[in-house]
Participant: 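Dropping the structure in here first, questions after.
So that the names make sense, note that chain A is the first sequence line, chain B the second, and so on, each numbered from 1. Keep in mind it's a predicted model, so treat the numbers as computed, not measured.
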Protein chains: 2
Amino acid sequence: MAGESDVPCICPLEGVIDTISKKWALLIIHVLGNHSRLRFNGLAKELEGISPKTLADTLALLRKEGFVGREAFPEIPPRVEYYLTEDGRELWEAILPLLTWTLKREHLTHEACKGRCRKPAGHRR
Amino acid sequence: MAGESDVPCICPLEGVIDTISKKWALLIIHVLGNHSRLRFNGLAKELEGISPKTLADTLALLRKEGFVGREAFPEIPPRVEYYLTEDGRELWEAILPLLTWTLKREHLTHEACKGRCRKPAGHRR
DNA sequence: CGGGATCCTAGGGGATACTG
DNA sequence: CAGTATCCCCTAGGATCCCG
């Protein structure tokens, strides 16, 4: 449509950025997108290399944002499961194109992680 | 779903994350997506609040990544124009769903930025 | 005008140890 | 098992000044 009224402003982008710019947030979203439910240590294992603190922090943020849900079972030992909410699933879908494009584009660099894939992301630097 | 193969691996995500997690990177991509070309101070104006250093740094990164091109004109005073490369344009398109979804989702929160919204970036290309 | 050079700070995020 | 509680470090990014 004409002119400038079809998209209001870019402020909303800032909102997402606060979320997705957290180093592990997208990874968590993505991992939870593939497994229906995961426990704390399950996540920690998938996201190889993340520290418990960071995982806890990021999960807390994602819960606050409404992307991730949490269910705790009163058992011993404790069991807690995390999963994507509807919103989280929508976010995940919203970033899939990005992931897809990236896959295509980085399949050269991709060699670099040949052996370690799946076994997700050792963020070594 | 037990499988490990339904989704290849999330390593590529790390790549993008490095880029999109830069606080202003996506904004720049998006702004450049809407204006065909912009000068340094033009960008600075659109991205109200960014410091010259950060803008320069981020532009340098985006150029290194191949998302943004730069053309300098040997004039006085100097004129430099930035624009999206093909890759940059693809990236921009890859994040459009994210933007769209965000727009829809945050139109509540959107009130929060009532006053400070900048010039509406119309998506025409 | 477009940035480079400096300095400085908040806080994100790693490591480790501890607890309910 | 699922987190807290600490400590510590590092870098992104703001502010400022200056120069070609």
Participant: Between B:Phe40 and B:Val80, is the side-chain contact (heavy atoms from CB on, under 4.5 Å) condition met? List the steps.
Facilitator: CA-CA 7 Å; B:Phe40 190 88; B:Val80 179; 5.6 Å; no
Participant: Of the candidate nucleotides C:dA5, C:dG13, D:dG3, which contains the atom at the shortest distance from the side chain of A:Thr54?
Facilitator: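 Within the option list, the nearest is C:dG13.
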Participant: Tell me the interatomic distance from B:Leu38, atom CG, to C:dG3, atom C1', rounded to whole angstroms.
Facilitator: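 It works out to 17 Å between those atoms.
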Participant: Between D:dC1 atom P and A:Arg79 atom CZ, what is the distance in whole Å?
Facilitator: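 Taking CZ of A:Arg79 and P of D:dC1, I get 13 Å after rounding.
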Participant: Identify, between B:Leu59 and A:Ile50, the residue whose nearest nucleotide on DNA chain C lies closer to the 5' end.
Facilitator: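 On the 5' side of the pair lies B:Leu59.
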Participant: How about B:Trp92 and B:Leu32: do any of their side-chain heavy atoms sit closer than 4.5 Å?
Facilitator: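 Answer no - side chains too far apart.
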Participant: What are the two closest heavy atoms between A:Ser51 and A:Thr54, and how far apart are they?
Facilitator: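 Result for this residue pair: OG-OG1, 2.8 Å.
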Participant: Judged by each residue's nearest nucleotide on DNA chain C, which is more toward the 5′ side, B:Gly42 or A:Pro78?
Facilitator: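 Looking at DNA chain C, the more 5' nearest nucleotide goes with B:Gly42.
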Participant: Rounded off to whole Å, could you give me the CH2-to-P distance for the B:Trp24 and D:dG14 pair?
Facilitator: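 My rounded result for the distance is 6 Å.
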Participant: Do B:Leu55 and B:Trp24 make a side-chain contact, defined as non-hydrogen atoms from C-beta onward lying under 4.5 Å apart?
Facilitator: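 In short, these two side chains do not touch, never coming nearer than 4.5 Å.
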Participant: When rounded to the nearest 0.5 angstrom, what is the spacing between OG1 in B:Thr19 and NZ in B:Lys64?
Facilitator: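 Taking OG1 in B:Thr19 and NZ in B:Lys64, the distance rounds to 9.0 Å.
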Participant: Please tell me which of the listed nucleotides, D:dG13, C:dG2, D:dC1, lies nearest to the side chain of B:Lys23?
Facilitator: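 Nearest to the side chain of B:Lys23 among the choices is D:dG13.
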Participant: Atom CG of A:Asp57 and atom C1' of D:dA2: how far apart are they, to the nearest Å?
Facilitator: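 One finds 14 Å between C1' of D:dA2 and CG of A:Asp57, rounded.
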Participant: Round to a whole Å and report the spacing from CG of A:Asp18 to P of D:dG13.
Facilitator: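 About 11 Å, once rounded to whole Å.
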Participant: Measuring from the side chain of A:Ser51 (C-beta onward, heavy atoms only), which nucleotide among C:dG3, D:dC1, C:dG14 has the closest atom?
Facilitator: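 Between C:dG3, D:dC1, C:dG14, the one nearest the side chain of A:Ser51 would be C:dG14.
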Participant: Contact class for B:Tyr82 (heavy atom, under 4.0 Å): base, sugar-phosphate, or nothing?
Facilitator: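 Sugar-phosphate contact only.
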Participant: Is any side-chain nitrogen or oxygen of A:Arg39 closer than 4.0 Å to OP1 or OP2 of D:dC1?
Facilitator: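 Indeed not, no polar side-chain atom of A:Arg39 lies that close.
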Participant: What integer distance in Å separates B:Ile76:CD1 from C:dC1:C1'?
Facilitator: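 My rounded result for the distance is 10 Å.
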Participant: Find the distance B:Lys45:NZ to C:dG2:C1' and express it as a whole number of Å.
Facilitator: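 For the pair B:Lys45 NZ and C:dG2 C1', the rounded distance is 15 Å.
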Participant: In whole Å, I'd like the distance from the CD atom of B:Glu81 to the P atom of C:dG3.
Facilitator: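 So the CD-P distance, B:Glu81 to C:dG3, works out to 11 Å.
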Participant: If each of A:Lys53 and A:Arg63 is mapped to the nucleotide of DNA chain D with the nearest heavy atom, which maps nearer the 5' terminus, i.e. the 5' end?
Facilitator: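 The 5'-side residue here is A:Arg63.
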Participant: Give the nucleotide from the list D:dG13, C:dG12, C:dA17 with an atom nearest to the side chain of A:Lys22.
Facilitator: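 Closest nucleotide among those given: C:dG12.
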